[in-house]
Amino acid sequence: MKKFIVIITLAVLGFYLGETFYELGFGNARFEHGVKDTYLEKTVSELHVANTVTSIIVNFRGFDTLGEVTVLFLAATALGGILYKKKHHAGDRSVLFPASRIVMSGSKLLFPAVILLGVYIFVHGHLSPGGGFQGGTIVATGFLLMLLAYDDFTVSHHVLSYVESFAGIFFVLFGLAGFCNGGTFLENFMPVGTMNDLFSGGIIPIVYILVGFKVAAELTGLIYTVLHEKD
Amino acid sequence: MDEKIFEIMQFGVYTASILLILIGLYAALTKKSLIKIVIGLSIVDAGIHLLLIAIGYINLGTAPIFSPGYEDAAAKMVDPVPQALVLTAIVIGFAVTAVALSLVIRLYRHHHTLEIDEIKNLKW
């Protein structure tokens with residue numbers, strides 16, 4: 001009976017959603033001069049950055065990125081607070097059985113390559129697809145691989161909290177430095193170089209590198225908390 | 001030939017994302033195990049992100065990245081604003097899933113079961 005009501009409700013919801021999007025159409029440009037035209041044009045002329053999505057996230061709507069970094073920090077803190085344990089044993093893990101031989105030798109080979117890939121992606125966030133969030137997640141995946149394969153691989157939790165906190169503090173300090181140079185919060189006050197250069201775009205690569213560090217440290221700390229919660 | 005492929009793709013992308021939303025909602029509403037409910041919420045997230053990005057597509061458009069030598073190709077690029085919004089949405093979806101899973105771990109530690117029918121403390 002309950003499943004029948006759920007299916008009827010979902011069918012009505014799906015019908016109205018489908019009708020709305022069928023009328024909206026797929027792939028037609030709806031505005032002659034929308035917001036995206038200004039962003040696409042200013043990215044080349046003012047900022048000299050090749051990746052438009054990066055320039056929207058860090059520069060044009062940079063305050064939302066600050067809010068998003070705060071949401072990540074709150075999630076990691078909430079998770080650490082909910083899974084609170086009074087004592088900390090060094091060797092206690094919630095993994096049921098040890099990893100096989102293939103996983104152990106393969107992850108030792110893959111770990112530097114994954115870290116290098118993640119660092120490459122968040123350093124080149126303004127030149128190619130990628131950026132801080134994506135690269136930070138890849139670095140955290142590398143750490144997850146090593147943590148699952150080896151029992152005695154530890155990452156110092158204090159180093160992770162320091163890296164995460166300092167990256168967040170420097171992000172806000174860069175925003176305040178925009179104030180000191182006579183502009184607004186998070187304004188681009190450093191010189192923009194030529195396009196498609198590594199050092200172009202003002203504060204955009206620096207802010208994205210800080211976001212990459214913060215996301216990597218945060219996700220690794222989160223994985224570490226969940227892995228050590230067996231009491 | 002191009003027109004026909006475009007017609008099929010138009011229905012395909014919107015249908016797939018709306019189906020993902022409905023499947024995820026069905027799992028979140030009717031399943032009895034807590035982990036399946038959290039997985040259902042994650043599937044709803046995936047469907048919504050796909051739907052948001054599909055709105056910003058422009059016919060025969062390309063990715064909004066300026067390669068060297070093509071700096072004036074701004075007229076043929078897709079909309080970059082929904083992609084920036086969906087990046088934020090992905091991070092927030094991940095944060096919600098992480099906190100929900102930690103609550104599931106605490107519930108399991110306390111009641112020693114994952115079925116929501118057997119967690120009866122708040123029922124009358």
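Naming convention: chains lettered A, B, ... in sequence-line order (proteins, then strands); numbering from 1 in each chain. Worth knowing before you read on, the calculation uses all heavy atoms, side chains too, and leaves out hydrogens, waters and symmetry mates. Quick caveat: nothing in here was measured; it's all calculated off a predicted structure.
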Relative to chain B, which segment of Ser128(A) carries a heavy atom at a distance below 4.5 Å: side chain, backbone, both, or neither? backbone

Below 4.5 Å, heavy-atom pairs only: which of Leu10(A), Leu40(A), Val215(A) has the largest tally toward chain B? Leu10(A)

Could you tell me which portion of Leu29(B) (side chain, backbone, both or neither) has an atom closer than 4.5 angstrom to a non-hydrogen atom of chain A? both

Do Glu115(B) and Leu34(B) have side chains that approach each other closer than 4.5 Å (heavy atoms only, starting at C-beta)? no

Got more than 12 heavy atoms from elsewhere within 6.0 Å of CZ, Phe213(A)? no

Sort out for me which of Thr30(B), Asp79(B), Leu103(B) touches chain A most, counting heavy-atom pairs under 4.5 Å. Asp79(B)

Structural part of Ile82(A) lying under 4.5 Å from a heavy atom of chain B: both

Does any backbone or side-chain atom of Glu41(A) lie under 4.5 Å from a heavy atom of chain B? Answer side chain, backbone, both or neither. neither

Under the side chain to side chain contact (heavy atoms under 4.5 Å, CB included) rule, what do Thr137(A) and Phe94(B) come out as? Steps first, then yes or no, please. CA-CA 11 Å; Thr137(A) 315; Phe94(B) 153 75; over 6 Å; no

Aromatic ring proximity, centroids under 6.0 angstrom, Tyr224(A) and His157(A): yes

So, do Tyr22(A) and Tyr14(B) have ring centers that fall under 6.0 Å from each other? no

Between Tyr26(B) and chain A, with a heavy-atom cut-off of 4.5 Å, which part of the residue counts as in contact: side chain, backbone, both or neither? both

What part of Thr15(B) gets closer than 4.5 Å to chain A, counting heavy atoms only: side chain, backbone, both or neither? neither

Heavy atoms from other residues, nucleotides or ligands near OH of Tyr57(B) exceed 12 (cutoff 6.0 Å): yes

Of the backbone (N, CA, C, O) and the side chain (C-beta and beyond), which part of Ile90(B) lies under 4.5 Å from a heavy atom of chain A, both, or neither? neither

Let me know if Leu19(B) has heavy atoms under 4.5 Å from chain A in its side chain, its backbone, both or neither. neither

Identify which part of Leu222(A) has an atom lying under 4.5 Å from any heavy atom of chain B, answering side chain, backbone, both or neither. side chain

List the steps, then state whether side chain to side chain contact (heavy atoms under 4.5 Å, CB included) holds for Phe170(A) with Lys214(A). CA-CA 10 Å; Phe170(A) 278 134; Lys214(A) 183 173 173 69; over 6 Å; no

Top residue by heavy-atom pair count (under 4.5 Å) with chain B, among Gly67(A), Ala75(A), Ser55(A)? Ala75(A)

Side chain proximity check, Phe122(A) to Ile138(A), heavy atoms < 4.5 angstrom: no

Segment of Leu74(A) engaging chain B (4.5 angstrom heavy-atom cut-off): neither

Chain A heavy atoms under 4.5 Å from Val96(B): which part of the residue, side chain, backbone, both or neither? neither

Under a 4.5 Å heavy-atom cut-off, does chain B meet the side chain of Phe133(A), its backbone, both or neither? side chain

So do the side chains of Ser102(B) and Val226(A) get within less than 4.5 Å of each other, counting heavy atoms only? no

Given Gly25(A), Ala78(A), Gly34(A), the one with more heavy-atom pairs under 4.5 angstrom with chain B than any other is Gly25(A)

